[in-house]
Structure formats: structure tokens, C-alpha cells
Amino acid sequence: MPTVDKLLLEEALQDSPQTRSLLSVFEEDAGTLTEYTNQLLQAMQRVYGAQNEMCLATQQLSKQLLAYEKQHFALGKGDEEVISTLHYFSKVVDELNVLHSELAKQLADTMILPIIQFREKDLTEVSTLKDLFGLASTEHDVSMAKYSRLPKRKENEKHKAEVAKEVANARRKQHLSSLQYYCALNALQYRKRVAMMEPMLGYTRGQINFFKKGAEMFSKRLDSFLTSVSDMVQRHGEDLTTGSSL
């Protein structure tokens with residue numbers, strides 16, 4: 001099937017079978033887009049939820065590291081070095097958690113919010129106008145059927161004029177609703193391109209910003225600390241090996 005750029009508004013007034021057939025193509029596209037958008041939002045919400053969970057998890061980790069010194073170990077001799085090291089690690093985790101929290105907020109603002117706005121505004125608008133168009137079309141068909149069943153006797157001229165007025169009002173209402181509906185379907189074809197890209201720009205930029213800030217904050221300052229801790233772990237490992245061989 002050839003690509004259709006847009007629905008012509010003048011064809012909306014004609015309401016021909018060809019126009020209705022073309023309209024069905026746009027409606028099918030809008031339905032597919034709605035289903036895909038819902039699935040995409042679910043995937044993005046899962047990512048956002050995982051990021052929020054990371055924030056909560058790192059907060060709990062930091063508290064648990066600090067809780068080490070409050071434990072009443074029966075054999076706590078020489079734990080001062082471990083306590084001070086875990087305190088420092090707790091500080092590192094807290095600083096990392098600030099970055100995780102910033103990332104979570106950025107994902108909410110630049111990834112989740114745009115796709116929700118697209119769904120609630122653009123897709124909901126198309127769905128609402130589709131319903132209104134359907135009601136207006138049904139009302140028009142009913143009034144036309146009512147007019148076609150009128151007897152042609154002269155004594156019914158007044159009633160005939162009333163029904164004709166009803167038909168005219170129904171036709172105007174249908175024309176107006178069709179114009180609004182066609183415009184919304186046309187606009188959706190352009191907005192969906194931005195709607196799919198904007199959230200992923202927010203996601204990618206947020207992740208890049210997170211890693212950049214993390215590298216700037218920790219790479220140099222933590223090098224000596226991590227080396228010191230590694231040496232300490234290695235030393236205790238060697239002491240354990242020596243002690244167990246005696």
C-alpha cells in the first residue's frame with residue numbers, strides 16, 4: 001500500500017466510500033501507535049522504577065555500613081580499622097546516591113513525562129474525536145433515514161421541513177466533527193515522530209550525565225583510598241593464610 005501523507009479536509013465533507021476507506025488506514029495506524037505507546041511506557045516505567053529502587057537500595061546500604069560499629073561482636077578487637085573504612089564507604093555510597101537520585105528525577109522529567117503527555121493529550125484527543133465523529137455520523141444517518149421515510153403528501157410539508165432542518169443540523173455537526181477528527185489524525189502523524197525520539201533523548205542524556213558526574217566526582221579522589229583498602233584486604237588475607245598454616 002502506498003504511503004499516505006495526510007487526509008484531505010475537503011474529502012471529509014464528501015464522506016465518500018473512498019474517503020472512509022482512507023480514514024480506516026489512519027485509524028488503524030492510530031490504534032497500532034496507541035498499543036505500542038502503552039507498551040513503550042511500561043518499559044520506560046520499569047527502567048524508572050529500577051532507578052528508584054537503586055536509590056532506596058543504596059540508602060539502605062549506607063545505613064547498614066554505619067551500623068557495623070554498633071554491633072556487639074564478642075570478638076571485636078582491632079575493628080577500628082574496619083569501622084573507619086566502612087564509614088568512608090558509607091560516605092561514598094551517599095554521594096553516589098545523590099547522583100542516582102538526580103538520574104531518577106531526570107528520567108521522570110525527560111523520559112516518562114513526555115511519553116505520558118503524548119498518550120494523554122494526542123492519543124486521547126484522537127480517541128475522543130473518533131467517538132464524537134462516530135456519534136455525529138450515526139446521528140446524521142438516523143436523520144437521513146427518518147427524512148427518506150417521510151410521505152410525500154402536502155399536509156406533511158411542515159413536518160418535512162422540520163425533519164429537513166434536523167438533517168441539515170446533523171450534517172453540519174458531522175462535517176465539523178469530521179474536520180476536527182481529520183486534523184487530529186494528520187497532526188498525529190507528525191507528533192508521533194517527536195514523541196518516540198524525545199523520551200529516548202532524555203534517557204540517553206541522563207545516563208551520560210550520570211556517568212560523567214560519577215567519573216568527575218570519584219575517579220581521582222578514590223584511587224588512593226581504593227588502593228589502600230585493597231592493600232589492607234590483601235594483607236589480612238596473607239595474615240589469614242599464615243595463621244592457618246601454623
Side-chain angles (χ1 to χ4, degrees), residues 1-50 106-150 162-206:
M1 180 178 293
T3 302
V4 179
D5 292 329
K6 63 180 179 179
L7 290 162
L8 299 178
L9 299 184
E10 56 268 26
E11 292 181 357
L13 303 180
Q14 298 173 6
D15 195 30
S16 65
Q18 292 81 2
T19 301
R20 287 296 183 113
S21 177
L22 183 59
L23 174 62
S24 68
V25 175
F26 277 75
E27 289 179 332
E28 180 182 355
D29 190 83
T32 302
L33 179 61
T34 299
E35 182 177 351
Y36 174 80
T37 300
N38 289 334
Q39 294 172 351
L40 179 63
L41 177 58
Q42 289 177 3
M44 290 179 173
Q45 286 174 329
R46 185 175 181 182
V47 171
Y48 174 64
Q106 189 165 358
L107 292 179
D109 293 341
T110 64
M111 182 180 73
I112 299 294
L113 183 59
I115 201 70
I116 287 179
Q117 289 177 333
F118 173 68
R119 187 182 69 169
E120 299 303 321
K121 181 181 181 297
D122 297 285
L123 294 177
T124 299
E125 179 188 23
V126 167
S127 178
T128 300
L129 290 175
K130 179 181 180 179
D131 292 339
L132 293 176
F133 174 66
L135 290 173
S137 297
T138 299
E139 184 178 328
H140 176 260
D141 293 342
V142 169
S143 62
M144 285 293 294
K146 184 177 178 181
Y147 182 82
S148 65
R149 290 195 298 268
L150 287 175
E162 291 175 352
V163 176
K165 184 178 180 180
E166 181 181 324
V167 170
N169 289 334
R171 181 174 289 121
R172 280 194 295 270
K173 185 177 180 180
Q174 184 198 30
H175 285 172
L176 177 61
S177 65
S178 65
L179 288 173
Q180 293 173 329
Y181 185 36
Y182 280 36
C183 285
L185 285 172
N186 285 336
L188 186 64
Q189 290 301 309
Y190 294 95
R191 290 172 183 163
K192 77 176 183 181
R193 300 169 188 172
V194 175
M196 296 302 104
M197 299 179 201
E198 186 179 8
M200 289 313 301
L201 279 174
Y203 168 81
T204 306
R205 286 170 176 167

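The shown structure was predicted, so the numbers you read here are calculated from the model rather than taken from an experiment. The first residue in the sequence is number 1, and the count goes up from there.
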Engineer: Has Met196 got more than 12 heavy atoms of other residues, nucleotides or ligands less than 6.0 Å from its CE?
Structural biologist: yes
Engineer: With a cut-off of 3.5 Å and sequence neighbours excluded, list every side-chain donor-acceptor pair involving residues 198-206.
Structural biologist:
from, atom 1, to, atom 2, distance (Å)
Thr204, OG1, Met200, O, 2.8

Engineer: I need the full list of salt bridge (Lys or Arg N to Asp or Glu O under 4.0 Å) pairs touching residues 176-193, with sequence neighbours left out, sorted by first then second residue.
Structural biologist: Asp29-Lys192, Asp122-Arg191, Glu125-Arg191
Engineer: So which heavy atom on Ala136 is nearest to which on Gln174, and how close?
Structural biologist: CB-CA, 3.8 Å
Engineer: Applying ring pair (Phe, Tyr, Trp, His ring centres under 6.0 Å), name anything that partners Phe133, two or more places apart in sequence or on another chain.
Structural biologist: Tyr181
Engineer: If I take atom CG from residue Leu7 and atom CG from residue Leu23, how far apart are they, to the nearest 0.5 angstrom?
Structural biologist: 6.0 Å
Engineer: Among all residues two or more places apart in sequence or in another chain, which pass the side-chain contact (heavy atoms from CB on, under 4.5 Å) test with Asp109?
Structural biologist: Lys105
Engineer: Please examine the side chains of Leu129 and Tyr182, heavy atoms only from C-beta on, and report whether any two atoms are closer than 4.5 Å.
Structural biologist: no
Engineer: Just verifying a value: how many Å separate Leu123 CG and Gln117 CD, rounded to the nearest 0.5 Å?
Structural biologist: 12.5 Å
Engineer: How many angstroms lie between CZ in Arg20 and OG in Ser137, if you round to the nearest 0.5 Å?
Structural biologist: 4.5 Å
Engineer: Who pairs with Ala195 by side-chain contact (heavy atoms from CB on, under 4.5 Å), at least two apart in sequence or on another chain?
Structural biologist: Phe118
Engineer: Go through the structure and list residues passing side-chain contact (heavy atoms from CB on, under 4.5 Å) with Thr128, not counting sequence neighbours.
Structural biologist: Thr124, Leu132
Engineer: Identify all side-chain donor-acceptor contacts of residues 36-47 below 3.5 Å with residues at least two apart in sequence or on another chain.
Structural biologist:
from, atom 1, to, atom 2, distance (Å)
Thr37, OG1, Leu33, O, 2.7
Asn38, OD1, Arg119, NH1, 3.3
Asn38, ND2, Thr34, O, 3.3

Engineer: Could you work out, with side chain to side chain donor-acceptor pair (under 3.5 Å) as the rule, every residue matching Gln18, not counting sequence neighbours?
Structural biologist: Ser16
Engineer: Donor-acceptor pair, distance only, cut-off 3.5 Å: does the side chain of Thr32 make one with the backbone of Glu28?
Structural biologist: yes
Engineer: Looking at every non-hydrogen atom in both residues, tell me the closest pair between Gln189 and Phe26 and how far apart they are.
Structural biologist: CG-CE2, 3.9 Å
Engineer: Measuring from Glu120:CD to Ile116:CD1, what's the distance to the nearest 0.5 Å?
Structural biologist: 7.0 Å
Engineer: Would you say CD of Glu10 has more than 12 non-hydrogen atoms from neighbouring residues, nucleotides or ligands within 6.0 angstrom?
Structural biologist: yes
Engineer: So, using side chain to side chain donor-acceptor pair (under 3.5 Å) as the criterion, who are the partners of Gln180 when residues are at least two apart?
Structural biologist: none
Engineer: Could you name each residue pair satisfying salt bridge (Lys or Arg N to Asp or Glu O under 4.0 Å) that touches residues 167-180, not counting sequence neighbours?
Structural biologist: Glu139-Lys173
